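In this text, all values refer to a predicted model and were calculated from it rather than measured experimentally. Values reported hereafter were calculated over all heavy atoms of this structure, with side chains retained and with hydrogens, waters and symmetry mates removed.
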Amino acid sequence: MTLEKKGGKKERSSDQIEMKLIKAILTREYPTGSTLRPERELAEYYGVGRPTVREALQRLERDGWITVRKGHPAIVNDYWHQGNVMTLVHIIQNHEDVTDEFISYLLELRISLAPAYIRNAVAAHQPKVVALLANLDQLKPDADGYAAFDWELQKNLTRLSPNPIYLLIVNSFDSFYLKMARKYFSIPEHREASWHYYHELLNVALQGDYIEAERVARKAMENSLELWRNRTKLEQDK
């Protein structure tokens, strides 16, 4: 099996073919409902053996990208409806440019997740949550500073939650979150809103009031989504 180096790490040929086919699906070279080339043609096209192509296709089927059919080319699925968490990871890895629409989706997801893991973190590790927010006066007042602080805050809050699933989900955004956050925090109004949220969360964490922490977090997450949508609408109206 051919091995090539990428970023100092060896990458299997089947991994490379898997990622190339995902990119082709995302760019609609292979739209939903279309068929991939037959396994034999894919092997010739990529210059590998059929077992290598088969391995890549099996992983694509596992993650909801395609449906493999015996004796026929695989069909491309609607990955938004048939994918899973790994599908989301691959979408993020292939998003070379962060779209406004995708940021809205993630902000919506955050409303569902963040209040719960923040409530759990305050309930289980109140002093450690306070420590995460204790040095807000050192937060750099620019987009990079806010993005880095917010990403570390989210990761640490999920680590403090007794439910490890939250951390697994947040970790899946590792290659993407900072890029998204820099775009969001490039607007001064967004940084100001988060500044007030961090201080409000610190106050309720000091009191150990995990129920109020959940409410404060949800309100802040909903406000973030509204700010982002209003910003997007204003740009579209220009």
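With values rounded to the nearest 0.5 angstrom, Leu178 atom CG is found 8.0 Å from Glu152 atom CD. One finds the OG atom of Ser13 at 12.5 Å from the CD atom of Glu18 (value rounded to the nearest 0.5 Å). Between Leu107 atom CG and Leu227 atom CG the span is 10.0 Å, to the nearest 0.5 Å. Interatomic distance, CG of Leu106 versus CZ of Phe176, reported as 5.0 Å (0.5 Å rounding). To the nearest 0.5 Å, atoms CD (Gln154) and CG (Leu132) are separated by 10.5 Å. The CD1 atom of Ile22 lies 8.0 Å from the OG1 atom of Thr87; values are rounded to the nearest 0.5 Å.
Following chains of ILVMFWY side-chain contacts shorter than 4.5 Å, one cannot reach Tyr79 starting from Ile75, and the two form parts of different hydrophobic clusters. Under the 4.5 Å side-chain heavy-atom criterion for Ile, Leu, Val, Met, Phe, Trp and Tyr, Leu113 and Leu167 are members of distinct hydrophobic clusters. In the hydrophobic clustering of this structure, Leu136 groups with Ile118; members are Ile, Leu, Val, Met, Phe, Trp, Tyr whose side-chain heavy atoms approach within less than 4.5 Å, directly or through other members.
Every residue two or more places apart in sequence or in another chain that forms a side chain to side chain contact (heavy atoms under 4.5 Å, CB included) with His196 is listed here: Glu192. For Tyr197, there are no ring-ring contact (aromatic ring centres under 6.0 Å, His included) partners, not counting sequence neighbours. Applying the ring-ring contact (aromatic ring centres under 6.0 Å, His included) test to Tyr198 and every residue at least two apart in sequence or in another chain returns Phe149. Residues passing the side chain to side chain contact (heavy atoms under 4.5 Å, CB included) test with Ser161, sequence neighbours excluded: Tyr117, Asn120, Asn163, Tyr166. Remark: Ala121 engages Val129, Leu157, Leu160 in a side chain to side chain contact (heavy atoms under 4.5 Å, CB included) (not counting sequence neighbours).
Under the 4.5 Å side-chain criterion, counting only non-hydrogen atoms from C-beta, His90 is in contact with Trp65. Within the 4.5 Å cutoff, the side chain of Val122 has no heavy atoms near those of the Val204 side chain.
Residue pairs that meet the salt bridge (charged side-chain N to carboxylate O under 4.0 Å, His left out) test with at least one member in residues 38-47, sequence neighbours left out, are Glu39-Arg50, Glu39-Arg54, Arg40-Glu44. Listed by first and then second residue, the side chain to side chain donor-acceptor pair (under 3.5 Å) pairs that reach into residues 123-146 are Asp144-Arg182, sequence neighbours excluded. Sorted by first then second residue, the salt bridge (charged side-chain N to carboxylate O under 4.0 Å, His left out) pairs that include residues 71-85, not counting sequence neighbours, number zero. The ring pair (Phe, Tyr, Trp, His ring centres under 6.0 Å) contacts involving residues 32-57 comprise nothing, where partners must be two or more places apart or lie in separate chains. Applying the side chain to side chain donor-acceptor pair (under 3.5 Å) rule to pairs touching residues 201-225 yields Arg110-Ser224, Arg119-Glu214, Tyr184-Ser224, Glu212-Arg215, sequence neighbours excluded. Listed by first then second residue, pairs satisfying salt bridge (charged side-chain N to carboxylate O under 4.0 Å, His left out) with a partner in residues 63-72 number zero, not counting sequence neighbours.
Remark: the backbone N or O of Arg62 is paired with a side-chain donor or acceptor of Asn84 at under 3.5 angstrom. Of the possible donor and acceptor atoms, none in the side chain of Ser194 sits under 3.5 Å from a partner among the backbone N and O of Arg191. With His199 contributing its side chain and Trp195 its backbone, the two residues share a donor-acceptor pair below 3.5 Å.
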Enumerate, atom names and distances included, each donor-acceptor pair closer than 3.5 Å involving a side-chain atom of residues 27-35, sequence neighbours excluded.
from, atom 1, to, atom 2, distance (Å)
Thr27, OG1, Lys23, O, 2.9
Thr27, OG1, Ala24, O, 3.3
Ser34, OG, Pro31, O, 2.6

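Taking each heavy atom of Leu139 and Gly145 in turn, the nearest pair found is CD1-O, 3.6 Å. Contact record, Ala74 with Ile66: CB-CD1, 3.8 Å, taken as the closest heavy-atom pair. Across all their heavy atoms, Pro188 and Ser186 have their closest contact at CD-O, 3.6 Å.
Ring-plane geometry between Trp80 and Tyr105 is classed as perpendicular, the angle between the planes exceeding 60 degrees on a 0 to 90 degree scale with a lower cut at 30.
The closest side-chain donor-acceptor pair between Arg59 and Ser14 falls under 3.5 angstrom.
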- Output, in order, the C-alpha distance, side-chain angles, deciding distance and verdict of side chain to side chain contact (heavy atoms under 4.5 Å, CB included) for Asn171 and Thr158. CA-CA 10 Å; Asn171 279 342; Thr158 54; over 6 Å; no

